[in-house]
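Have a look at the structure below, then the notes.
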Amino acid sequence: MTQPVDLDPEDWDAFRETSHRALDAMIDYLRDLRSRPVWRAPDGAARARFTRETLPEEGREFAAVLADFEQFIKPYATGNIHPMFMGWAQGAGTPAGMIADMLAAGMNSNCGGRNHIALDVERQIARWMASVFDFPPEASGIFVTGASMANFLCLLVARDQAYGTNDVRLNGLRALDTQLIAYTSREAHNCVRQAMELAGLGARHLRIIDSDERRGIKIDELHHAIAADRAAGFTPFLIVGTAGSVDTGAIDPLDRLADVAHSEDLWFHVDGAFGALAALAPELKPLVKGLERADSIAFDFHKWLHVPYDAGFFLVRDPETHKRAFAANAAYLTRAPRGLAAGDTWPCDLGADLSRGFRALKTWMTIETFGATKLGACIAQTCRLAKKLESWIDASDAFVMRAPVTLNIVCFSVKDDPDGALAREIVMELHERGEAAPSLTILDGRPAIRAAILNHRTRDEDIDAFTEVLEATLRRARKEPHPIEALREPPHGPGKTPLSQD
Ligand SMILES: *Cc1c(COP(=O)(O)O)cnc(C)c1O
């Protein structure tokens, strides 16, 4: 007789004790995060811990594995939970969200389909978001990893719609003897171009339209581009507007884009990765006017709503069109009239994933715990802090604003720093000292320091502290000049305009 094996604890009480300690330590870690540096580079021992070549043959005590986590992993996080983190557009998480994610892992539901409550929770989120964005209540929605994936799904749905009875799923891209063309502005996120690549439509068939001084798309240039493409025998099919550009937080004139899409009969999609949720703050909602006219929206709960990573969402006005692009018909996914395999539309009919986790739980718990009013107030608070930082920069002798502040992102540079060497030095220095974590971007071909204030923990005092460390770091950088190196741009292929990333 072979001994049975399984992966449950031998001693449940001991497991409970050990786990309690780990959880307590993590809760303390969150409570005390202000006392730690924003970020620090993994030290040699930590890096070396993850260079082993062979798998551990024998397991160890769970407590010993947790001790390794405490020593080698936990101290070296990205830092986006810290109030002085302003790099990129990242959410800060919440303790409630952490517990929700743990509970979801305990249930270990597979949310690809079937008849269980997790799918009801996911549909609840779709229903709520339909109401936030003034979509019809039957709008269909699905959790995905992030806005990049949601934007990609949009391209597939819009492509399917454009092919109509030519059925691109069955016949492939050559079923249409014309080239589909999409339009977006130069402020769009890089993932929009990537979606064109992945969908087989080709990045060169994404028209990058210029933007105005507020960094919104130029509508007349969009009109011209569409007309020129039609005259050349191409088939325009999609406009991707941006609500909250990743670089500067700019918002396209969504109402006017909706007009163009309507009169030209194009799919109107909005990449609202973080910005769409400005709709939760009554004082910001007018900024995203027109969102309610989109055919689909991509956005993230893991950014401005601080649901733990990852939690992106794709919302589509017309559920039938959404389903047509993905509906699964594999034999083993057959629906039954009753039992666990019952149900009509499963999430696997609305996207490319089959097995998927219970992202809806941490989102539902976040919204239930804090309520829309407080979540909206946190969003509005970051925008107010961005304005405060902008005022400081406007009054400063050393720094200068580089783009208008629409929402929560402040882009600025050092005066008399044409190649951005000082800006670059300041940002790296702040990271390495663990004092603050802004990021660098390239605006109009020149480096800029970028403070994306998303964190619900960031306060007025933190903005004051940020301006102090900025000045101090600039003073040091001027005293000890570093060799001027060109700012490394993200890799991109020949002939491509780099769009914004992250
Ligand atoms: C962050 C961001 C994305 C990408 O979203 P992920 O969740 O990182 O995939 C796309 N567009 C904009 C405007 C963003 O800010």
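For ligands, and for the atoms within them, numbers begin at 1 and follow the listed sequence. This chain uses plain numbering: 1 for the first residue, then up along the sequence.
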Only heavy atoms of His302, strictly under 4.0 Å: list the atoms of ligand 1 that pass. 7 (O)
Taking C-beta and beyond as the side chain, do Leu375 and Trp304 meet within less than 4.5 Å on heavy atoms? no
Could you list the atoms of ligand 1 found under 4.0 angstrom from a heavy atom of Gly244? 13 (C)
Do the rings of Phe313 and Phe143 sit parallel, tilted or perpendicular, given the 30° and 60° boundaries? perpendicular
Counting heavy atoms only, name the option from Ala273, Ala250, Gly312 that's nearest to atom 12 (C) of ligand 1. Ala273
Counting each atom of ligand 1 from 1 as listed, which ones have a heavy atom of Asp300 under 4.0 Å away? 5 (O), 6 (P), 7 (O)
Mark up the atoms of ligand 1 that fall under 4.0 Å of a heavy atom belonging to Ser148, in ascending order. 4 (C), 5 (O), 6 (P), 9 (O)
Using side-chain heavy atoms (C-beta onward) and a distance below 4.5 Å, is Phe274 in contact with Asp300? no
Atom pair CD1/CZ of Ile442 and Arg446 - distance to nearest 0.5 Å: 11.5 Å
Any heavy-atom pair between the side chains of Phe237 and Glu264 that's under 4.5 Å? no
Could you tell me whether Asp271 and ligand 1 have an N or O pair separated by under 3.5 Å? yes
Less than 3.5 Å apart, any donor N or O on the side chain of His269 or Asn151 sitting next to an acceptor on the other? yes
Can you sort out which atoms of ligand 1 are near Gly146, meaning under 4.0 Å from one of its heavy atoms? 7 (O), 9 (O)
Just jot down the ligand 1 atoms closer than 4.0 angstrom to any heavy atom of His189, in number order. 2 (C), 3 (C), 4 (C), 10 (C), 11 (N), 12 (C), 14 (C)
Think Arg36 forms a cation-pi with Tyr29, using NZ or CZ under 6.0 Å from the six-ring centre and within 45 degrees of its axis? yes
Need the ligand 1 atom indices (1-based, order shown) with element for anything under 4.0 Å from a heavy-atom of Phe274. 15 (O)
Sort out for me which residue in Asp212, Asp252, Asp247, Asp444 forms a salt bridge (charged side-chain N to carboxylate O under 4.0 Å, His left out) with Arg186. Asp444
Could an N or O of ligand 1 be found under 3.5 Å from any N or O of Ala147, whether backbone or side chain? yes
Heavy atom under 4.0 Å from ligand 1: found in Lys303's side chain, backbone, both, or neither? side chain
